[in-house]
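Below is one structure, written out as structure tokens, with a few remarks after it.
Just so it is clear, the values below take in all heavy atoms, side chains as well, and ignore hydrogens, waters and symmetry mates.
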Amino acid sequence: MGSEPNTGWLEGNGLDLTNGVVCDQMLRPGGLPGVVAVGDVSRFPNALYDAEPRRIEHWQVAVDTSMYAAKVLLGDLAETPCSEPFGTVPTFWSDQGAVSLRALGQPGLGDEVEVLEGELRGEAAVGYRRGGALVGVVLLGMPKRMGVYLQRLTTELKTALV
């Protein structure tokens, strides 16, 4: 599953197009001012996690990167560059009939798994940790708990940065 980034039209421009358009922490391909890449095609570091550029194929990340990119471009035009690197907590959800699944953060980065709430035979919140720090949560059912866990994850990620 997933998508293949359509970068063929950018070949020959000197950009790193390995698995998408590789960007810096400001979503700038090749660090070029006045240029940004967003959505599924961009591969960027997420300041809330680490400096490893990754593509994240969730529609919410396309929205988040677009809003941030607009701020970067406006700063470039006004000659007041944006100084805060891009960071977001990726989210997606899917309802398959009566089954609700919600994923927050980047569970795939976890090296430890624990049930935070509920039971796996019913509804549950499953936490994923990397080096002891919470990096993702998957909700099996429990759709009304998404906001609670999104806030918890965001707070823990920002605290880990300090």
Distance in Å, Gln151 CD paired with Leu104 CG, rounded so as to fall on 0.5 Å steps: 11.5 Å

Has the side chain of Asn46 got a donor or acceptor atom that lies under 3.5 Å from a matching backbone atom of Thr88? yes

Heavy-atom pair with the smallest gap, counting every atom of Gly39 and Ser42: O-OG, 2.9 Å

For the residue pair Ile56 and Pro90, what are the closest heavy atoms and their distance? CD1-CG, 3.7 Å

Separation of Arg152 CZ from Thr155 OG1 (nearest 0.5 Å): 10.0 Å

Hey, does the side chain of Tyr149 reach the backbone of Ala125 with a donor-acceptor pair shorter than 3.5 angstrom? no

Under the side chain to side chain contact (heavy atoms under 4.5 Å, CB included) criterion, do Lys158 and Leu48 qualify, and how do the steps go? CA-CA 7 Å; Lys158 288 182 178 179; Leu48 293 178; 3.9 Å; yes

Which residue pairs satisfy the ring pair (Phe, Tyr, Trp, His ring centres under 6.0 Å) criterion with at least one member in residues 75-123, sequence neighbours excluded? Phe44-Phe86, His58-Phe92, Trp59-Trp93, Tyr68-Phe86

Decide, yes or no, whether a salt bridge links Asp76 with Lys71 under the criterion of side-chain N to carboxylate O below 4.0 Å. no

Using the side chain to side chain contact (heavy atoms under 4.5 Å, CB included) rule, take Met146 and Leu139 through it: C-alpha gap first, then chi angles, then the decisive distance, then the call. CA-CA 7 Å; Met146 185 172 177; Leu139 298 175; 4.0 Å; yes

If we ignore angles and hydrogens, is there a donor and acceptor under 3.5 Å between the side chains of Gln96 and Ser94? yes

According to a hydrophobic-cluster definition based on side-chain heavy atoms being under 4.5 Å apart (Ile, Leu, Val, Met, Phe, Trp, Tyr only), do Leu15 and Val41 belong together? yes

Same cluster or not: Trp9 versus Val35, using hydrophobic residues (I, L, V, M, F, W, Y) connected whenever any side-chain heavy atoms lie under 4.5 Å apart? yes

Hey, does the side chain of Arg43 reach the backbone of Cys23 with a donor-acceptor pair shorter than 3.5 angstrom? no

Under the salt bridge (charged side-chain N to carboxylate O under 4.0 Å, His left out) rule, collect the residues that match up with Asp111, sequence neighbours excluded. none

Examine distances only and state if a side-chain atom of Arg130 and a backbone atom of Tyr49 form a donor-acceptor pair shorter than 3.5 Å. yes

When you group the ILVMFWY residues by side-chain heavy-atom contacts below 4.5 Å and let the links chain together, are Val126 and Met142 in the same group? no

Within the supplied structure, the quantity of interest is the number of heavy atoms (other residues, nucleotides, ligands) at a distance under 6.0 Å from Glu84 CD; does it exceed 12? no

For the hydrophobic clusters of this structure (ILVMFWY residues joined by side-chain heavy atoms under 4.5 Å, transitively), does one cluster hold both Val61 and Val36? yes

Same apolar cluster: Leu17 and Val38, side chain cutoff 4.5 Å: no

Is any side-chain N of the basic residue among Arg55 and Glu4 closer than 4.0 Å to the acidic one's carboxylate O? no

May I ask you to decide if Gly31's main-chain N or O and Arg28's side chain share a donor-acceptor pair within less than 3.5 Å? no

